[in-house]
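Report on the following structure.
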Amino acid sequence: MKMSTVWSIVGAIIAIIIAWWVVNVAFSIAWFLVKAIIAVVVAAVIFALIKQAFRSKDKQRTRD
């Protein structure tokens with residue numbers, strides 16, 4: 001086996017390890033962003049519901 005073949009195999013293995021790590025980091029960041037977006041949407045809906053609940057209570061107080 002030639003030395004260049006050995007280095008090619010070692011290089012391929014190192015490339016796979018680095019690619020695996022990069023893909024893992026990319027998916028971790030993507031999943032974090034998806035969770036953050038979902039959390040913002042849920043928080044906005046809850047905020048709107050709370051605001052609406054207080055607004056309806058304020059309207060009832062002004063009528064009484």
Side-chain angles (χ1 to χ4, degrees):
M1 189 181 281
K2 292 183 181 180
M3 198 60 172
S4 62
T5 305
V6 172
W7 283 116
S8 294
I9 293 171
V10 171
I13 292 171
I14 291 172
I16 290 171
I17 292 170
I18 291 171
W20 190 275
W21 183 80
V22 168
V23 168
N24 192 24
V25 169
F27 277 124
S28 295
I29 292 170
W31 178 237
F32 174 77
L33 291 175
V34 168
K35 286 194 302 187
I37 290 169
I38 291 171
V40 167
V41 170
V42 170
V45 169
I46 292 171
F47 177 76
L49 290 174
I50 291 172
K51 192 174 179 180
Q52 183 181 9
F54 281 118
R55 188 181 311 143
S56 65
K57 285 183 182 179
D58 288 342
K59 285 182 182 178
Q60 288 176 355
R61 287 183 186 162
T62 57
R63 288 181 189 170
D64 295 337

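Excluded from the calculations below are hydrogen atoms, water molecules and symmetry mates; all remaining heavy atoms, backbone and side chain alike, are included. This chain uses plain numbering: 1 for the first residue, then up along the sequence.
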field: Spatial distance of atom CD1 (I13) from atom OG (S8) [nearest 0.5 Å]
entry: 11.0 Å
- prompt: If you group Ile, Leu, Val, Met, Phe, Trp and Tyr by side-chain heavy-atom gaps below 4.5 Å, do I14 and V23 land in one group?
  reply: no
- request: State yes or no: do F32 and V40 share one hydrophobic cluster built from I, L, V, M, F, W and Y residues joined by side-chain heavy-atom distances below 4.5 Å, directly or via other members?
  value: no
message: Is there a continuous path of hydrophobic side-chain contacts, each under 4.5 Å between heavy atoms, that joins V42 to V34?
response: yes
- request: Evaluate the side-chain proximity of I38 to K35: yes if any heavy-atom separation is below 4.5 Å, no if none is.
  value: no
- request: Determine, using the 4.5 Å side-chain heavy-atom cutoff (strictly less than), whether I37 and F47 are members of one ILVMFWY cluster.
  value: no
- request: Kindly work out whether a path of hydrophobic side-chain contacts (I/L/V/M/F/W/Y, heavy atoms less than 4.5 Å apart) joins I50 to V41.
  value: no
